[in-house]
Amino acid sequence: MKKKYSEMTEHELWEEVAYLNEKSKKAEQLGMVNEFAVYEQKRVMAEAYMLNPDDFMAGQRYSIKQEAGTFFVKYYNGVFAWGFREQSEKLEALPISLLDSIKPSSI
C-alpha cells in the first residue's frame, strides 16, 4: 500500500513528483485530458508537502501559479491556504504549492 504524502520523506516526495511528471507528460502526448489533469493535481499536492506552511503568511495576497489573478489568504490548515480569489467572496482552499509571490495587499 502506498504511503500518504504526509508520511513520505522529502526524497520520496521528489521521486513521486518525478513519477507524476512522467505520467502527466505521457497522458498529455496521448491526448488523455482527464488523466493529465489527475496527475497534475497529484503533483501539486505532493509539491505542497515539500513546502513549509510557516513560510507563508495569513493576511497576504499571493499570485496563483499558472493562473491570472490573485488569492487573499485568510488562514492556513495544513498544506492548504484558505481564502478568496480576486473579485470573489467565496471561501476556498488552494494547496500552498500553487501560491506564488506576495502581491501588495489592498484588503
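All heavy atoms count here, side chains included; hydrogens, waters and symmetry mates do not.
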**Q** Determine whether a donor-acceptor pair (N or O, by modelled atom type, separation under 3.5 Å) exists between the side chain of Y62 and the backbone of M57.
**A**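 Yes, the answer is positive, given that a donor and an acceptor are paired below the 3.5 Å cut-off.
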**Q** Under 3.5 Å, side chain of K74 to main-chain N/O of F84, donor-acceptor pair present?
**A**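 Checking the backbone N and O of F84 against the side chain of K74, no donor-acceptor pair under 3.5 Å is found.
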**Q** Which pair of heavy atoms, one from L94 and one from I64, lies closest together, and at what distance?
**A**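 Shortest heavy-atom separation between L94 and I64 comes out as CD1-CD1, 4.1 Å.
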**Q** To the closest 0.5 Å, what do you measure between CD (Q60) and CG (L99)?
**A**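 Interatomic distance, Q60 CD to L99 CG, rounded to 0.5 Å: 11.5 Å.
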**Q** Search all heavy atoms of A46 against all heavy atoms of L13 and return the closest pair with its distance.
**A**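 Minimum heavy-atom contact is O-CD2, 3.9 Å.
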**Q** Are more than 12 heavy atoms from other residues, nucleotides or ligands located less than 6.0 Å from atom CD of E7?
**A**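 It does: E7 CD has more than 12 such atoms within range.
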**Q** Within the 4.5 Å heavy-atom criterion, are V17 and M50 side-chain neighbours or not?
**A**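 Yes, close enough: below the 4.5 Å cut-off.
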**Q** Establish whether F56 and L91 are linked, either directly or via other cluster members, by ILVMFWY side-chain heavy-atom contacts under 4.5 Å.
**A**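 Yes; tracing contacts between hydrophobic side chains, which count when under 4.5 Å, links both residues.
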**Q** Is it true that E16 and K2 have a side-chain N and a carboxylate O under 4.0 angstrom from each other?
**A**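 Salt bridge present between E16 and K2.
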**Q** Side-chain heavy atoms nearer than 4.5 Å, only ILVMFWY residues, links allowed to pass through others: does that put W14 and I96 together?
**A**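 Yes, W14 and I96 fall within the same hydrophobic cluster.
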**Q** Can you measure from CG (L98) to CD (Q66) and round to the nearest 0.5 angstrom?
**A**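 Rounded to the nearest 0.5 Å, the CG-CD separation comes out at 8.0 Å.
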**Q** Taking all non-hydrogen atoms of both residues into account, name the closest pair between E12 and K3 and its distance.
**A**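 Looking at all heavy atoms of both residues, the closest pair is OE2-NZ, 3.0 Å.
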**Q** Tell me, do F80 and E92 make a side-chain contact under 4.5 Å, heavy atoms counted?
**A**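 They are not in side-chain contact.
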**Q** So, taking the atom named CD in E35 and the one named CG in L30, what distance separates them when rounded to the nearest 0.5 Å?
**A**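 E35 CD to L30 CG: 8.5 Å, rounded to 0.5 Å.
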**Q** Could you report the tightest heavy-atom contact between W82 and A93, atom names first, then the distance?
**A**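 That would be CE2-CB, 3.4 Å.
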**Q** Is the closest basic N to carboxylate O distance between K25 and E28 below 4.0 Å?
**A**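 Judged by the 4.0 Å cut-off on N to carboxylate O distance, K25 and E28 do not form a salt bridge.
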**Q** Report, as yes or no, whether the 6.0 Å neighbourhood of atom CG on N52 holds more than 12 heavy atoms from other residues, nucleotides or ligands.
**A**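 Counting neighbours around CG of N52, more than 12 heavy atoms of other residues, nucleotides or ligands fall under 6.0 Å, so yes.
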**Q** Grouping I, L, V, M, F, W and Y whenever their side-chain heavy atoms are under 4.5 Å apart, do V79 and Y75 come out in a common cluster?
**A**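 Yes, V79 connects to Y75 through the hydrophobic network.
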**Q** With distance as the sole test, does S97 use its side chain to make a donor-acceptor pair with the main-chain N or O of V44 at under 3.5 Å?
**A**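 Yes: the side chain of S97 pairs with the backbone of V44.
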**Q** If you count heavy atoms of other groups shown closer than 6.0 angstrom to NZ of K65, is the number above 12?
**A**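 Yes, enclosed.
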**Q** Ignoring hydrogens, what is the shortest heavy-atom contact between Y76 and A81? Give both atom names and the distance.
**A**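 Closest approach of Y76 to A81: CE2-CB, 3.5 Å.
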**Q** Please name the pair of heavy atoms, one in A27 and one in F36, separated by the smallest distance, quoted to 0.1 Å.
**A**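 Nearest heavy atoms, A27 then F36: CB-N, 3.7 Å.
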**Q** Fit a plane to each ring of Y5 and Y49, take the angle between them on a 0 to 90° scale, and name the class: parallel (under 30°), tilted (30 to 60°) or perpendicular (over 60°).
**A**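 If you compare the ring of Y5 with that of Y49, the planes turn out tilted.
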**Q** Rounded to the nearest 0.5 Å, how far apart are OG of S24 and CD of Q29?
**A**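 S24 atom OG to Q29 atom CD measures 9.5 Å (nearest 0.5 Å).
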**Q** Which distance, rounded to the nearest 0.5 Å, do you find between the CZ of R43 and the NZ of K23?
**A**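 If we round to the nearest 0.5 Å, R43:CZ and K23:NZ are 16.0 Å apart.
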**Q** Can you tell me how far CD of E10 sits from CG of L51, rounded to the nearest 0.5 angstrom?
**A**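 So the gap between those two atoms works out to 9.5 Å.
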